[in-house]
Chemist: 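Please find one structure pasted underneath; my questions will follow.
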Amino acid sequence: MEKFYITTPIYYSNAEPHIGHSYPTIAADVLARYHRLKGEEVYFLTGLDEHGAKIAEAAQKAGKELQEFCDEIAAKYQFVWDELDISNDDFIRTTSIRHRDGVNKLLVQLKEVGAIYEGEYEGYYCQGCEAFVTEKELVDGLCPIHKKKPQFIHEKNYFFNLKKYLPEIEKAIDDGSLKVIPQIRRKEVLGLFKQDIPDFSISRQSLKWGIPLPWDQNQVAYVWVDALMNYVTALGYGSAEDINFRKFWPAELHLVGKEIIKFHCIFWPAILFAVGLPMPKNIFAHGWFTVDGQKMGKSIGNIIDPHDLIKEFGTDATRYLLLSQFPFGQDGDIKLGNFSIQYNSDLANGIGNLVSRVAAMSEKYFEGSVPAKNDELKLDVSKIWQRYDSAMESFNVYDAISAIKELNALADGYVEKNKPWQLAKSDNVALAKVIYNLLEVIRNLGIMLYPIMPDTATKILISLGQEDFTNYSINDLKEWGRLMPKTVIKKNEALFPRLNIN
RNA sequence: CGCGGGGUAGAGCAGUUGGCAGCUCGGCGGGCCCAUAACCCGCAGGUCGUGGGUUCGAGUCCCACCCCCGCAACCA
């Protein structure tokens with residue numbers, strides 16, 4: 001059986017989740033559901049990075065114990081994923097025992113293969129921050145947060161011999177055995193190799209909140225090293241129960257934000273390569289939102305909370321609206337005012353209305369019983385399936401949505417062209433043909449919709465008497481003519497009630 | 001010379017190897033009446049940031065310039 005291991009970025013748990021986290025998680029969920037529908041064995045991982053100086057700071061600011069602070073954030077994440085109907089198979093936290101064990105194992109291995117050497121880290125250290133600040137961060141030679149003069153200190157550190165592995169990583173990206181997507185990001189990463197990429201420090205002496213190095217308890221692992229390893233520790237790497245690791249590694253896809261490609265496309269593959277593990281197959285960097293032209297951030301106060309969207313539009317529509325704003329992999333602007341407009345045009349007037357009009361006609365003309373089979377739209381629909389599948393295979397959720405819109409438009413156009421309400425008065429055979437084709441389109445639409453809007457899709461398919469659809473693979477489901485004559489159609493409540501916009 | 005992204009219709013975006021400027025929403029006009037005042041058709045609206053250049057032909061290639069936005073502080 002085909003395997004599909006997909007991961008979201010490991011989110012930094014220094015604050016509550018917002019739509020910046022929801023976006024890639026929903027996208028990953030769509031891909032995971034699509035691959036499950038294909039009949040593949042899927043492992044979908046998301047999780048939290050809970051170590052490092054910034055989290056220590058955030059906890060202190062909140063007046064909480066570190067672990068307590070992390071527990072609360074983690075609960076909030078899990079709550080949101082639940083609300084968004086995210087079908088993750090696992091939720092890894094870097095403060096968990098299983099993660100710590102896996103990290104220990106990997107660190108020891110890195111040491112054994114000679115990828116780690118002892119060195120000295122020097123820099124400006126701020127007592128207030130309990131962390132190093134870079135020279136650039138200093139304002140008039142003072143720490144910008146604590147307004148104190150940092151000390152220039154040296155500390156013992158362990159370094160990862162990155163330079164030794166760089167040529168292999170560059171080669172892998174260059175020859176496509178490690179695909180970096182989209183193209184723009186690939187070029188960016190390849191560009192990095194032309195600059196100087198220094199070895200990086202894998203430990204911190206001055207920090208307490210982290211995983212102690214197995215061979216030197218005075219040091220904790222650098223937060224990024226610890227965090228990246230989640231992708232294998234979640235599979236049980238290094239433990240006795242590593243069946244998932246053996247089954248699912250290497251990952252088919254690491255979905256990441258564009259700001260962390262260096263860690264994922266260079267550091268992480270190098271670590272894996274050093275200990276002889278295969279590199280992930282694909283790394284996809286998604287773009288960032290601006291909200292009404294401005295970057296989303298606390299100081300601007302324009303952070304969008306997924307709860308607010310869910311409350312206003314519902315779970316499925318929220319998933320749809322976030323993914324349909326701009327092509328996956330690019331940056332794009334979100335105008336909140338447009339969400340309700342788009343909800344009405346795509347969902348209420350589009351999908352919801354189509355399903356409703358076709359169901360109503362079936363009831364009115366055929367007492368809700370599916371008429372005889374016909375193939376008139378078979379070819380058109382199969383072409384749209386090709387576009388849909390190839391979009392999903394290249395992780396392009398946005399294009400898959402476009403294919404769905406096309407199918408919607410095809411059906412609406414078909415209704416106008418054939419005018420069933422006129423055929424009802426004159427030609428019952430032609431009417432039966434039209435209604436059968438429309439019902440089949442709706443059924444296909446339901447299947448295509450399922451990864452994106454699982455609840456809505458299920459409602460549509462149940463109304464067509466297809467409640468058992470999850471028992472079949474997508475290749476069977478998209479076959480034209482599965483809807484059997486005489487099946488009873490039940491009209492739904494409005495799937496997406498129209499919003500009144502002032 | 002820090003690195004990178006971008007400037008195409010009122011808004012948000014596509015434009016593959018240079019070959020008649022597209023999509024969605026919104027606006028306007030018409031049609032239809034099965035449907036969630038939904039649907040379908042048509043129209044208007046762009047000197048493709050500016051100035052040069054290459055070419056039979058440039059949004060697309062080259063050069064220069066202007067403007068916006070990210071990366072260093074909150075932050076995916």
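In what follows, every chain begins at residue 1, and chains take the letters A, B, ... in the order their sequences are listed.
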Chemist: Can you check the F496(A) CZ to A37(B) C1' distance for me, whole Å?
Modeler: 20 Å
Chemist: Rounded off to whole Å, could you give me the CZ-to-C1' distance for the F366(A) and C34(B) pair?
Modeler: 13 Å
Chemist: Please state the P separation for the pair C62(B) and U47(B) - nearest whole angstrom.
Modeler: 25 Å
Chemist: Is the side chain of Y5(A) donor-acceptor paired with the backbone N or O of Y231(A) at a distance under 3.5 Å, no angle test?
Modeler: yes
Chemist: Taking the side chain of N338(A) as its heavy atoms from C-beta onward, which of A11(B), C34(B), A38(B) lies nearest to it?
Modeler: A11(B)
Chemist: In whole Å, what separates the C1' atom of C65(B) from that of G7(B)?
Modeler: 14 Å
Chemist: Does any non-hydrogen side-chain atom of H51(A) lie less than 4.5 Å from one of T95(A)?
Modeler: yes
Chemist: Say we look at G10(B) and C48(B): how far apart would their P atoms be, to the nearest angstrom?
Modeler: 13 Å
Chemist: Quick one: on RNA chain B, does Y398(A) or K405(A) contact a more 5' nucleotide (nearest heavy atom)?
Modeler: Y398(A)
Chemist: Classify the nucleic acid contact of L495(A) as base, sugar-phosphate or nothing, counting any heavy atom under 4.0 Å across all strands shown.
Modeler: base
Chemist: So what does S356(A) hit on the nucleic acid, given a heavy-atom distance under 4.0 Å: a base, only sugar-phosphate, or nothing?
Modeler: base
Chemist: Let me know, please, whether V358(A) or D412(A) comes out on the 5' side of the other along RNA chain B by nearest nucleotide.
Modeler: V358(A)
Chemist: Please report the distance separating the P of G57(B) from the corresponding atom of G18(B), rounded so that it comes out in whole Å.
Modeler: 15 Å
Chemist: Is there a side-chain hydrogen bond (donor to acceptor under 3.5 Å, both in side chains) between N88(A) and T46(A)? Walk through the geometry before answering.
Modeler: CA-CA 7 Å; N88(A) 55 304; T46(A) 186; over 6 Å; no
Chemist: Could you check how far CG of N408(A) sits from P of A38(B), rounded to whole Å?
Modeler: 15 Å
Chemist: Which range-with-range stems can be found for RNA chain B when each stem has 3 or more Watson-Crick or G-U pairs in a row and both distances sit under 3.5 Å?
Modeler: B:2-7 with B:66-71, B:10-13 with B:22-25, B:27-31 with B:39-43, B:49-53 with B:61-65
Chemist: Quick one: is N14(A) getting a side-chain N or O under 4.0 Å of the C75(B) phosphate, OP1 or OP2?
Modeler: yes
Chemist: Could you state the CD-P distance from E16(A) to C74(B), rounded to the nearest angstrom?
Modeler: 18 Å
Chemist: Can you identify which nucleotide, out of C34(B), A76(B), G26(B), has its nearest atom closest to the I341(A) side chain?
Modeler: G26(B)
Chemist: Using the C1' atom in both, what is the distance from C74(B) to A11(B), to the nearest Å?
Modeler: 30 Å
Chemist: Which of these nucleotides, C74(B), C25(B), A38(B), is closest to any side-chain atom of N349(A)?
Modeler: A38(B)
Chemist: Nearest 0.5 Å, please: how far is CD1 in I283(A) from CZ in F395(A)?
Modeler: 11.0 Å
Chemist: When rounded to the nearest Å, what value does the distance between P atoms of U17(B) and G30(B) take?
Modeler: 44 Å
Chemist: What is the distance, to the nearest angstrom, from the CD atom on E416(A) to the P atom on C39(B)?
Modeler: 10 Å
Chemist: Any salt bridge between E440(A) and R443(A), counting N to O under 4.0 Å?
Modeler: yes
Chemist: Take atom CD of Q422(A) and atom P of C40(B), then tell me their distance rounded to the nearest Å.
Modeler: 17 Å
Chemist: Would D389(A) and Y34(A) satisfy side-chain hydrogen bond (donor to acceptor under 3.5 Å, both in side chains), going step by step from the backbone distance to the final call?
Modeler: CA-CA 9 Å; D389(A) 285 327; Y34(A) 173 75; 2.7 Å; yes
Chemist: Under 4.0 Å between any heavy atoms, over every strand shown, what does A348(A) touch: base, sugar-phosphate, or nothing? Just pick one.
Modeler: base
Chemist: Could you state the CH2-C1' distance from W421(A) to A38(B), rounded to the nearest angstrom?
Modeler: 12 Å
Chemist: What integer number of Å spans the P atoms of C25(B) and C39(B)?
Modeler: 8 Å
Chemist: Name the nucleic acid region contacted by K417(A), choosing base, sugar-phosphate or nothing; use a 4.0 angstrom heavy-atom cut-off, strictly under.
Modeler: nothing
Chemist: Reckon Y365(A) touches a base, only the sugar-phosphate, or nothing at all at heavy-atom distances under 4.0 Å?
Modeler: sugar-phosphate
Chemist: So, is R498(A) close to the A38(B) phosphate, meaning a side-chain N or O under 4.0 Å from OP1 or OP2?
Modeler: yes
Chemist: Between D226(A), N230(A), T94(A), which is the residue that forms a side-chain hydrogen bond (donor to acceptor under 3.5 Å, both in side chains) with H99(A)?
Modeler: D226(A)
Chemist: Can you tell me, in whole Å, how much space there is between the P of G59(B) and that of U8(B)?
Modeler: 15 Å
Chemist: Just checking K54(A): base, sugar-phosphate only, or nothing, at a heavy-atom cut-off of under 4.0 Å?
Modeler: sugar-phosphate
Chemist: Considering only distance and modelled atom types, tabulate donor-acceptor pairs under 3.5 Å from the side chains of residues 75-86 of chain A, sequence neighbours left out.
Modeler:
{"unit_1": "K76(A)", "atom_1": "NZ", "unit_2": "E16(A)", "atom_2": "OE2", "d": "2.9"}
{"unit_1": "Y77(A)", "atom_1": "OH", "unit_2": "H21(A)", "atom_2": "NE2", "d": "3.1"}
{"unit_1": "E83(A)", "atom_1": "OE1", "unit_2": "H307(A)", "atom_2": "ND1", "d": "2.7"}

Chemist: If I take atom CG in residue D305(A) and atom C1' in nucleotide C75(B), what distance separates them, rounded to the nearest angstrom?
Modeler: 15 Å
Chemist: From N344(A) CG over to F496(A) CZ, what is the distance, rounded to the nearest 0.5 angstrom?
Modeler: 11.5 Å
